[in-house]
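Everything below concerns the one structure shown next.
Numbers restart at 1 for each chain; the letters A, B, ... are given by sequence-line order, proteins then strands.
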There are 2 protein chains.
Amino acid sequence: MASSSSLTLSQAILSRSAIPRHGSAAPTAAGSVSIPSFSGLKPTTTTSFSTPTRRRTPTLTRLPITASAAVETLEKTTDTALIDKSVNTIRFLAIDAVEKANSGHPGLPMGCAPMGHILYDEVMRYNPKNPYWFNRDRFVLSAGHGCMLQYALLHLAGYDAVKEEDLKSFRQWGSRTPGHPENFETPGIEVTTGPLGQGVANAVGLALAEKHLAARFNKPDSEIVDHYTYVILGDGCQMEGISNEACSLAGHWGLGKLIAFYDDNHISIDGDTEIAFTEKADIRFEALGWHVIWVKNGNTGYDEIRAAIKEAKAVKDKPTLIKITTTIGFGSPNKANSYSVHGSALGAKEVEATRKNLGWPFEPFHVPDDVKKHWSRHVPAGADLEAEWNAKFAEYEKKYSEEAAELKSIITGELPAGWEKALPTYTPETPGDATRNLSQQNLNALAKVLPGLLGGSADLASSNMTLLKMFGDFQKNTAEERNVRFGVREHGMGAICNGIALHSPGFIPYCATFFVFTDYMRAAMRISALSEAGVIYVMTHDSIGLGEDGPTHQPIEHLASFRAMPNILMLRPADGNETAGSYKVAVLNRKRPSVLALSRQKLPNLAGTSIDGVSKGGYTISDNSSGNKPDVILIGTGSELEIAAKAADELRKEGKSVRVVSFVSWELFDEQSDEYKESVLPASVSARVSIEAGSTFGWQKIVGAKGKAIGIDRFGASAPAGKIYKEFGITAEAVIAAAKEVA
Amino acid sequence: MASSSSLTLSQAILSRSAIPRHGSAAPTAAGSVSIPSFSGLKPTTTTSFSTPTRRRTPTLTRLPITASAAVETLEKTTDTALIDKSVNTIRFLAIDAVEKANSGHPGLPMGCAPMGHILYDEVMRYNPKNPYWFNRDRFVLSAGHGCMLQYALLHLAGYDAVKEEDLKSFRQWGSRTPGHPENFETPGIEVTTGPLGQGVANAVGLALAEKHLAARFNKPDSEIVDHYTYVILGDGCQMEGISNEACSLAGHWGLGKLIAFYDDNHISIDGDTEIAFTEKADIRFEALGWHVIWVKNGNTGYDEIRAAIKEAKAVKDKPTLIKITTTIGFGSPNKANSYSVHGSALGAKEVEATRKNLGWPFEPFHVPDDVKKHWSRHVPAGADLEAEWNAKFAEYEKKYSEEAAELKSIITGELPAGWEKALPTYTPETPGDATRNLSQQNLNALAKVLPGLLGGSADLASSNMTLLKMFGDFQKNTAEERNVRFGVREHGMGAICNGIALHSPGFIPYCATFFVFTDYMRAAMRISALSEAGVIYVMTHDSIGLGEDGPTHQPIEHLASFRAMPNILMLRPADGNETAGSYKVAVLNRKRPSVLALSRQKLPNLAGTSIDGVSKGGYTISDNSSGNKPDVILIGTGSELEIAAKAADELRKEGKSVRVVSFVSWELFDEQSDEYKESVLPASVSARVSIEAGSTFGWQKIVGAKGKAIGIDRFGASAPAGKIYKEFGITAEAVIAAAKEVA
C-alpha cells in the first residue's frame, strides 16, 4: 500500500458517511475535515476535589486496585454551579425536543444527564469535527430510547450532525435525529441501538477491536491504539439474555478498557422493576468477571461519578460496571421515578413545573451562553487530539512501515490491491468437498491478505470449519490473535461482530454457527443490515442435508427469511468456485452483511460455475438450447444445483434443450440489468423448475405461475441425509418429472 | 362441563398423541391405558445411608434450610453394585445406539447416567403406561443432544415408546428415537430440546404451570396439584442468554419445585470450556435468587446426588441449581473428558475398550436381568400413583365441583362449551380502534371463559394491551393470578410459554412484545411450531404505522418470515371482527402456534369483515362484480385493508368492478378447497393488486406475474406514521394507479 499523509488517512475515514446508503431517502452530507491550530484540551479552571465516599454493595469482595502511572487524573474542571447548569441544559434539550415531537423518551436523559455531562465534557477524547477519527473514545447508548441524551451531548460538543435545527426536528422525516440512535444517519453515533441489550454487546465488540489492535500494533515506544469504550445500559438491557452473553465474554477476555454505566433507576415500562427483575445484577457481573462499583447518587454526585471512572480506569484486567442509581425523569415534580416519564412527552404543564422545579427560566432549546462557552473548547481540543495522533502515526509509519500499512488498511477500509487473487479456484476435476470445508479454504486464504479479517464460531469451530490455521486464539493475554471463541452465544456473537465492524471500516468480522441457529441471533443480524455493518455470517449445516440431528437442527424457512430482509445478502454457493465467489462478494460488500449458507455434506465441483457468476446472483451454468429458447429452465441453489445438473443431463439425453441456472443470491440477481435478467430467465420461457432443500416460499417470483418449485414446506426429520432427501422428494427424478409436467 | 370418571379423564389426556401431526409421515400410535392393580412403589430393599459430605463453593453463603415434614425421605433403594450395573446399562445403551447409528452424542449419557438413574429410579413419580398422567413429575433434558440418556431411562422404566427396537433404530427414518428429544414423536418426552438453553426455559414454564395450578386449585384438605420439574442442562445451556433470562424469572418467582442439574463437565464442542466460559455460574445463579449446591462427584457419588436432591426439596421458596461435576464420556479410557466423545460414535475399538474398562461383558443393547427386574416395579407403581391420584381427584370433584371442572378443562384440553360466544363482534358503526386495543377486549372476554388462558408481555403490557383486568399479577406469593410479568426477556418468555403450553393441553399461554422483537424470540417460536405448542403470540406495533420509534422498531420482513415457517399461523387482522376471528382461530389451534400482528394505530371497522371470514384465511369483503369476473381484485391485510377498501370505492366510482379481498392468513387460505380459492381469486382474473406495509417477498404467489404487490422492501424511518405511509407510497392513490396499470 502506498504511503499517505495522516490527513488523507482521516479523510478516507470520514468519507464513509458520504457513501450512499441503502434505500434511504437523503444521505447525510459529511462535514469537511478542518484541523484548527493548536489550542489545547486543558481545563480552564482546575480545582482538586475531595475523594468521595464510594458506597459498595456490602457483599462484594474488594479488588486490590493497583495504582498506575498511566491512569488519567480526573479533576474537577469547573465550578459545580456551571456543571449543574450544563446538566440541566442537557435535561431541557431532551425535554424540549420530546415535547416538540410529542414523541420520545425524556426520562432517561433527565436521569443520566450528570454521567453524560461528565463523560462528554470531562472524560472522553474525541474530535467533534471528525466523528470518524480513529483513536477516539467510543460511546454507546445501549438504552437507545434515551437518544436525546446523546443528541444533546453531541450538540453541546460541537458535532455538525446535531445543530439546533436537528434537535428541533427530532423524530421527523429526513432528520438526523431519529427516534433511536442510528450510526448511518448521524455521524457521532457509533452503532445503532434501541432494541435492548444490543448496544452493550456492540460495546464489547468495540472494546475487543481496541484490545486486538493495541496488542497487534502498539510498540514499546508507541501506543498508537489507545481508547476507551463507554456504554450506558438500563434495566431493560440487563434483563435481555444477549447482555449476559456478551458481558460474560467481556469478563472472560478481560476487556479492561470497557466501562459500562448501568443506569439503575428501578423503572421499566411496566412499572417498578420489582415486578420482574429482582436479581442482584451487581453480583452477577462480579460472577462474570467484572469489576463492579456502585455510585449511589447518580443524580447529583458528580464527584462520585468521577471517582468511579477513575477507579474503573485503574482496573486494567477487567471490564468495569458502574451501577449508578438515578431517578428516571429527575427534576419532574410529578412524573419523576415513574414509568409515565419513560416514553412520553411530559406535557406542557409538567414541562412548566419541571422548569420551575429546576430553576430553568429559558426558552425551549436554549443553551445558556456560559454553558455554550464552557463546551466550546472541545472543537479545538479535539482537533488537537487528532493532530497529535496524526503526528504520532506519522512517526509510527516511519519506524514500522509494514504494521502501519496493515493498520492503515483497517483504519481506512481500503482493501490491499489484488487481494482477490488469493481466492482459490476449482475445476470439475477437483475432488468434491462440503462447502463448509471450501469456506475454510477461503477464510484461510483471505486471512493472509486481509489485515482486518477476524472471527470465529459459537462453539462450533470444528463443525463450521472457521479456524484460521495461521493464527492462535484471541484471548485475554493473546489479544493479537484472530480466532475468536464465542462460546455458545450466538446472539452476543452477532452483536459483538457488529461492534467490531463499526469500529473501523477495514475490519471484516465473520462469525459462524449452524444456519438454523440464525434464529438465536436474528435481532443482531437485522441490525447488521440496518446499520451497514459488513459482517460475514458463515452458516453451515444449511439444510436437511445435515441428517440425523433432525428437525431442531434443519433449517427450512431460513433462506426465505433472509431473502425477505432488506440490505443483507443471502448467498448459497453450490461448490468451490461459488464459495470463493461468495466470499468475494461478502468482502466487497462492506456496508451490507452477507449470509453464506454452506453444506455439511460433500458436493462435486460443477462445470460452469464461476466466481464471476456469483457476482450476478443468478447465471447459466449449462445450456444446450439456442436462441435463448430452452424447452425448460432448471434452477437450483447450493447443494441442489448438482441435482438440477443431473436432471438436465437426463433430460438432454431425451432430446430436450435444457438450461441450468444457479441462483446463488436473489438480491444480486435483482440488481442486474433487465437485459441480463432476460438473458438468464427469458420471459417467453415459462417452463421453469426450481429445486432447493428449503421452503418454496417466494419461489413463485422466479418460476412463475406455470413453473414448479420443488422444496420443503414442512419441518425436517432425523435420519441419514440421503434418506431424507429421497423421502422428501428432493431428487433428480422429481425435477425430471416436474420438467416434463411444465415443458 | 359434564362430570366424567377419572379414567375418562386420563384417557382424554392420553389421546393427545393420537391426533395427526403436522405433515409428519407416520404418527406414533398411542399406547392404550392400562391401570394395573395396586402393587406399591416401596423399594424392595431399604437400608439407610450415612449423610454424605456436601461440598460447596466456599464463597456461597449458606441458606438456613427449614426442615419440613413434607420433604420426602430419600433412601438408598438397593445395593450399590446393582446401581452401578443399572448406571452402566444406561451408559452402554447410549454407547450402543450411537454406535449402531454411527451418529449421535455418547458423552453426556455416559457422564449423566448416575443422576439419570437416581432421578428416574428413585426420585421421580410417573406412570410409564400413561406418559400424560397429569400429576407426574416433569423431566427436561435441556442438553438435548444427550437424548440417548433419556431414551435409555424411558426404556428401563417401561415406557411403550422406547422398546429395544426403538433404541436400535436411533436416529433412523420413522423411528421414535430421533436425534434430539421431540415430544411429538416420543410419548414420555415433555418438550422438544436440542437448540441449547430452550429446555431449561421450558422447565421454568413447566414449574410456573405447576405453581400456578397448585396455588389456584389446591385446598387445605387436598393437594391435588403437586409435582416437581427436573432439568439437566449443560455448559452450552449456561452460555446461552435465554437461560439467564428464564432463570432470572425462576428466581424472581421463587419456583421452589424446580430442580436443575447443571452437568458441569468442562467440555464443549470446541474443547475445554476454559477457552470461552470462565464465569462463576454458581455465583451467578445465587445472584439470580437460586439455591445452589455443588456435587463434586457426579460420576459415582450416588449419596451426594441423593442428598443434594433432598436439600433442594427442602428449599421451598427458591429453585435449586445442583452443579454436578461429571466426566463427559465417563468410562471411555481414551476419550473421556475430551470433546471427541461429545458428538461422535466412540468407534468399535473404543467401545471395546470401554466395555473392558467398565467390566461390561454383555452384547450390545443388553439389559441384565437383575437390572430389568429392579426397574420392573415402575409399571405397577406408576399405575398405583395414577390410581391414587384419580381417587383423590374424584374426592376433590365431589367437594369442589367448580374448581374441578376448571382444572379438568386444563388437564384435558376440552374447551368449555360455547366459549366462542364470548368473542366480541363489531359493526362498521363501532368507533374505530387499534387492533392492539381490540386484542385486549378479546383477551379479557376470553379469560372469563377459558380457564387455561394466561400470559403477559415482555415489559410492554401497557403498549401491547395484554393485561387481564379481572386478574392480578402472577408473582411468588400470588401464583394463582394470570398476568405474567416477563420483564424485557422475549426469548425466555417464548420458551417459558412453550413449557406452559406443553404442561397440560388446556393451557392457552399468550405472550406479547412489539412484532419486530419476534427476532429476539424466533428460536423459541420455531420450537412452538415444531413441538405443537399452541402459544398465542400477541405482536403489536406491526408496521411502519408505529411511527417515530423508527426502523429499529418497524417490522418489514417479519410477516414473510413467519409465512415461510412451517406449522405456525400468521394472522394480521384488519379490524374488530377480524381480531375476534383471529383469536377464535388461535384458541382452536391447540397444536399450532398463532402469531397475531396488531396495529398501534387506530383502524376503522370495515363493512364485510367477519369472524368466519378469518377462519378461511382469505375472503371477499366487498365486490361489485358479477360472474366471478371483477375487473380487478384488490388484496390487503391488517391496517392496509382499509386502504384497499378506499381505493375500491374510488375505482367503483369510475365504473370499475372491483373485489376487495382480506388476506388475513395465508396458511388458512392455503388449506381451503380449490373451489373456494377459485371463488375468491379466480384464475381468469390476473389483474390483482396487493397492499401490505411490509416486504413484498412472497406476494407474487398471490398477485401472479401480471399483478402488482405494493409493499416496503427497505427499512423504515423515524417520523410520524402518516408521513411514512405517504413517503413510502402505501396509499390508496398508489393502489388506484397500480389497479389501472394491471386492469
Under 4.5 Å from a heavy atom of chain B, the part of A:Ser718 involved:
both
Against chain A, label B:Thr192 side chain, backbone, both or neither, depending on which of its atoms sit under 4.5 Å from a heavy atom there.
side chain
Who among A:Gln198, A:Met521, A:Glu727 has the most heavy-atom pairs with chain B under 4.5 Å?
A:Glu727
Under 4.5 Å, counting heavy-atom pairs only, tell me which of B:Met525, B:Arg526, B:His558 racks up the most with chain A.
B:Arg526
Side chain, backbone, both or neither: which part of A:Ser268 has a heavy atom under 4.5 Å from chain B?
both
Donor-acceptor pair, side chain of A:Arg489 and main chain of B:Ala276, under 3.5 angstrom
yes
Does the distance from a Lys or Arg side-chain N to an Asp or Glu carboxylate O, for A:Glu557 and B:Arg563, drop under 4.0 Å?
no
In terms of heavy-atom proximity below 4.5 Å to chain B, should A:Phe285 be classed as side chain, backbone, both, or neither?
neither
Less than 4.5 Å to any heavy atom of chain A: does that hold for the side chain of B:Val516, its backbone, both, or neither?
side chain
Side-chain (A:Asp459) to main-chain (B:Ile269) donor-acceptor, under 3.5 angstrom:
yes
Over all heavy atoms of both residues, which pair between A:Phe715 and B:Asn567 is shortest? Give the atoms and the distance, please.
CE1-CB, 4.0 Å
Side chain, backbone, both or neither: which part of B:Tyr339 has a heavy atom under 4.5 Å from chain A?
neither
Of the listed residues (B:His491, B:Gln475, B:Glu240), which shares the most heavy-atom pairs with chain A below a 4.5 Å separation?
B:Glu240
Chain B heavy atoms under 4.5 Å from A:Phe474: which part of the residue, side chain, backbone, both or neither?
neither
Answer with side chain, backbone, both or neither: which region of B:Asp713 has an atom nearer than 4.5 Å to a non-hydrogen atom of chain A?
backbone
Given that the side chain runs from C-beta out, which part of B:His252 has a heavy atom under 4.5 Å from chain A: side chain, backbone, both or neither?
both
My understanding is that only one of A:Gln238, A:Met239, A:Glu279, A:Arg284 makes a side chain to side chain contact (heavy atoms under 4.5 Å, CB included) with B:Ser248; could you say which?
A:Glu279
Please examine the side chains of A:Arg522 and B:Ser561, heavy atoms only from C-beta on, and report whether any two atoms are closer than 4.5 Å.
yes
Take B:Asp549 and A:Arg171 through the test side-chain contact (heavy atoms from CB on, under 4.5 Å) and record every step on the way to the result.
CA-CA 8 Å; B:Asp549 274 346; A:Arg171 294 189 152 223; 2.7 Å; yes
Using heavy-atom distances under 4.5 Å, tell me whether B:Glu548 contacts chain A through its side chain, its backbone, both, or neither.
both
Applying a strict 4.5 Å limit to non-hydrogen atoms, the region of B:Leu249 in contact with chain A is side chain
With respect to chain A, which residue among B:His105, B:Glu274, B:Gln172 yields the maximal number of heavy-atom pairs within a distance under 4.5 Å?
B:Gln172
So which of B:Pro178, B:Gly104, B:Gly492 has the largest heavy-atom pair count under 4.5 angstrom toward chain A?
B:Pro178
Among B:Gly704, B:Gly547, B:Pro551, B:Ser695, which residue has the highest count of heavy-atom pairs closer than 4.5 Å to chain A?
B:Pro551
Relative to chain B, which segment of A:Phe277 carries a heavy atom at a distance below 4.5 Å: side chain, backbone, both, or neither?
both
Applying the side chain to side chain contact (heavy atoms under 4.5 Å, CB included) test to A:Val488, which of B:Leu196, B:Thr273, B:Asp235 qualifies?
B:Leu196
For A:Thr518, is it the side chain, the backbone, both, or neither that has a heavy atom closer than 4.5 Å to a heavy atom of chain B?
neither
So, B:Asp270 side chain and A:Ala461 main chain: donor-acceptor pair closer than 3.5 Å or not?
yes
Interface moiety of B:Pro181 toward chain A, non-hydrogen atoms closer than 4.5 Å
neither
What's the spacing between B:Glu245 CD and A:Ile242 CD1 if we round to 0.5 Å?
10.0 Å
What part of B:Ser462 gets within 4.5 angstrom of chain A, counting heavy atoms only: side chain, backbone, both, or neither?
both
Is it the backbone or the side chain of A:His145 that comes under 4.5 Å from a heavy atom of chain B, or both, or neither?
neither
Which region of B:His180, side chain (C-beta onward) or backbone (N, CA, C, O), has a non-hydrogen atom less than 4.5 Å from a non-hydrogen atom of chain A, or is it both or neither?
both
Check the angle between the aromatic planes of B:Phe697 and A:Trp666 and answer parallel, tilted or perpendicular using the 30° and 60° thresholds.
tilted
Among A:Leu288, A:Ile712, A:Leu467, A:Asp473, residue most engaged with chain B (heavy-atom pairs, under 4.5 Å)
A:Leu288
Between chain A and each of B:Ile275, B:Leu460, B:Leu559, count heavy-atom pairs under 4.5 Å; write down the option with the most.
B:Ile275
Tell me whether the count of non-hydrogen atoms from other residues, nucleotides or ligands lying under 6.0 Å of NZ in B:Lys726 goes above 12.
no
Between B:Thr552 and chain A, which part of the residue has a heavy atom less than 4.5 Å away: side chain, backbone, both or neither?
both
I'd like to know if the side chain of B:Tyr520 reaches the main chain of A:Pro195, judged simply by a donor and an acceptor atom lying under 3.5 Å from each other, with no hydrogens or angles considered.
yes
Write down the atom of A:Trp173, the atom of B:Ala719, and the distance for their closest heavy-atom approach.
N-CB, 3.4 Å
Which atoms of B:Thr696 come close to chain A, meaning under 4.5 Å heavy atom to heavy atom: side chain ones, backbone ones, both, or neither?
neither
